Amino acid sequence: MYTQVFLLALAASPLVAAHGKVAVVTGDAGGNGTALGIMGAVVPGPGPNKKTEVDTTVFGKTNIQTDGLGKTNAGGKNQVADLAATMAQSGSTLPQVSDGGSISGVFHIVTTDGAGPIQAVLDPTGTGAFANGTMLTTTTQVPGTNGNIKASKNNRSLWTRAMDSIMKRAANVNEDHNMAFSVPAGTTCSGTMAGQSNVCLVKIANSNKAGPFGGVVAIQMAGSAAGNATGKRSPQTFNA
């Protein structure tokens with residue numbers, strides 16, 4: 001009787017959304033970074049959704065060309081000021097992109113509807129104005145169909161599979177997949193944040209209606225000055 005009550009309680013619990021996130025991005029001319037809001041190694045790979053999904057960025061609309069930096073469960077709305085924390089993890093040099101170059105990296109599929117295919121859009125103003133951004137060409141794609149992918153049964157216990165089924169929650173995947181995008185020649189960046197100037201923001205996301213999920217990363221064009229931005233007025237940002 002107790003077991004039946006326990007299972008019914010689980011079944012009545014709120015549904016848990018799934019996630020995929022941007023773990024690492026590098027530029028073809030050097031440098032590296034990670035997405036705004038990423039907490040790094042403190043977030044486990046496998047495990048309960050509430051523990052593995054806390055730093056995944058969730059966007060409000062499936063259309064990737066929508067303004068805003070998204071939000072995470074742990075940090076709330078992403079802000080351009082969060083770049084300081086991401087650079088503390090990934091280093092002082094943002095991904096550097098040559099003229100007509102590219103960015104590449106790792107997209108971490110946390111759970112089954114945090115998969116590919118993914119897209120990327122570049123905002124040259126560094127404010128989150130992706131509605132007026134430039135779509136990048138995907139050259140290495142993340143696997144998945146409509147943002148969904150099947151979890152390997154080999155990586156999931158019988159108990160975990162049973163709980164996923166009862167709670168209708170997305171199953172843990174915990175897989176890394178390569179991604180890459182070409183950046184059009186002639187791209188210039190004008191954003192200012194975290195002591196960096198000439199910054200572009202790139203939004204990378206799938207289009208799953210449960211999210212969509214992904215992340216926003218900062219890049220610079222190779223050869224542009226990355227000087228201290230102290231004293232400069234910050235432009236309007238789109239943090240929805």
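Treat the numbers as computed from the prediction; the structure is a model and nothing was measured.
Nearest heavy-atom pair across P143 and A115 is O-CB, 3.5 Å. M179 and V22 get closest at one heavy-atom pair: CE-CG1, 3.7 Å. Heavy atoms only, all atoms of each residue included: A222 and A29 are closest at CB-CB, 3.8 Å. Heavy atoms only, all atoms of each residue included: P117 and N146 are closest at CD-N, 3.8 Å. Contact detail for T138 and F181: the closest heavy-atom pair is OG1-CE2, 3.3 Å. Scanning all heavy atoms of the two residues, the minimum distance from A35 to G215 falls at CB-CA, 4.0 Å.
Remark: the backbone N or O of T66 is not paired with any side-chain donor or acceptor of N63 at under 3.5 angstrom. Checked by atom type and distance alone, the side chain of D82 never pairs as donor or acceptor with a backbone atom of L36 at under 3.5 Å. With D123 contributing its side chain and G128 its backbone, the two residues share a donor-acceptor pair below 3.5 Å. K203 places a side-chain N or O within 3.5 Å of a backbone atom of I64 that can act as its donor or acceptor partner. Judged purely by atom type and a 3.5 angstrom limit, N132 has no side-chain atom pairing as donor or acceptor with the backbone of A129.
No side-chain heavy atom of V202 sits under 4.5 Å from any side-chain heavy atom of V216. For the pair M221 and T187, the minimum side-chain heavy-atom distance is below 4.5 Å. Counting only heavy atoms from C-beta outward, the side chains of F107 and D176 never approach each other to under 4.5 Å. T112 has its side chain out of reach of K150: every pair of non-hydrogen atoms, C-beta onward, lies at least 4.5 Å apart. Proximity of V43 to E53: side-chain heavy atoms (C-beta onward) are nowhere separated by under 4.5 Å. Contact annotation: the side chain of M87 approaches that of Q196 to within less than 4.5 Å [non-hydrogen atoms, C-beta and beyond]. A 4.5 Å side-chain heavy-atom check between I109 and V142 finds at least one atom pair inside the cut-off.
Of the listed residues (L122, T127, V80), just one forms a side chain to side chain contact (heavy atoms under 4.5 Å, CB included) with L201, and that residue is V80. Considering T72, N73, N78 as possible partners of T57, the one that fulfils the side chain to side chain donor-acceptor pair (under 3.5 Å) test is N78.
Not counting sequence neighbours, the partners of D55 by the salt bridge (Lys or Arg N to Asp or Glu O under 4.0 Å) test are K21.
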Dump the intermediate steps for side chain to side chain contact (heavy atoms under 4.5 Å, CB included) on V217 and V25, then the final yes or no. CA-CA 8 Å; V217 297; V25 169; 3.9 Å; yes

Start with the C-alpha gap between V24 and T34, add the side-chain angles, then the distance that decides, and say whether side chain to side chain contact (heavy atoms under 4.5 Å, CB included) holds. CA-CA 5 Å; V24 178; T34 188; 5.7 Å; no

Given side chain to side chain contact (heavy atoms under 4.5 Å, CB included), test L83 with L94 step by step and report yes or no. CA-CA 10 Å; L83 180 60; L94 296 176; 4.0 Å; yes

Does the side chain to side chain contact (heavy atoms under 4.5 Å, CB included) test come out yes or no for V110 and V173, once each step is laid out? CA-CA 5 Å; V110 183; V173 176; over 6 Å; no

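Screening residues 88-107 for side-chain hydrogen bond (donor to acceptor under 3.5 Å, both in side chains) gives T26-S104, D28-S98, Q96-Q220 as the qualifying pairs, with residues at least two apart or on separate chains.
The closest side-chain donor-acceptor pair between N208 and N148 falls under 3.5 angstrom. Q119 and S207 share no side-chain donor-acceptor pair at under 3.5 Å. Looking at N198 and S190, their side chains never bring a donor and an acceptor atom within 3.5 Å of each other. Checking H19 against N49 by side-chain atom types alone, no donor-acceptor pair falls below 3.5 Å.
Placement of M193 and I38 in two distinct hydrophobic clusters is found when ILVMFWY residues are connected by side-chain heavy-atom separations under 4.5 Å, directly or transitively. V54 is connected to V42 through a chain of hydrophobic side-chain contacts under 4.5 Å among Ile, Leu, Val, Met, Phe, Trp and Tyr, so both are in one cluster.
To the nearest 0.5 Å, atom OG1 of residue T52 and atom NZ of residue K50 are 11.0 Å apart. Interatomic distance, CG of N206 versus OG1 of T145, reported as 11.5 Å (0.5 Å rounding). Between the CG atom of D67 and the NZ atom of K61 there is a distance of 9.0 Å, given to the nearest 0.5 Å.
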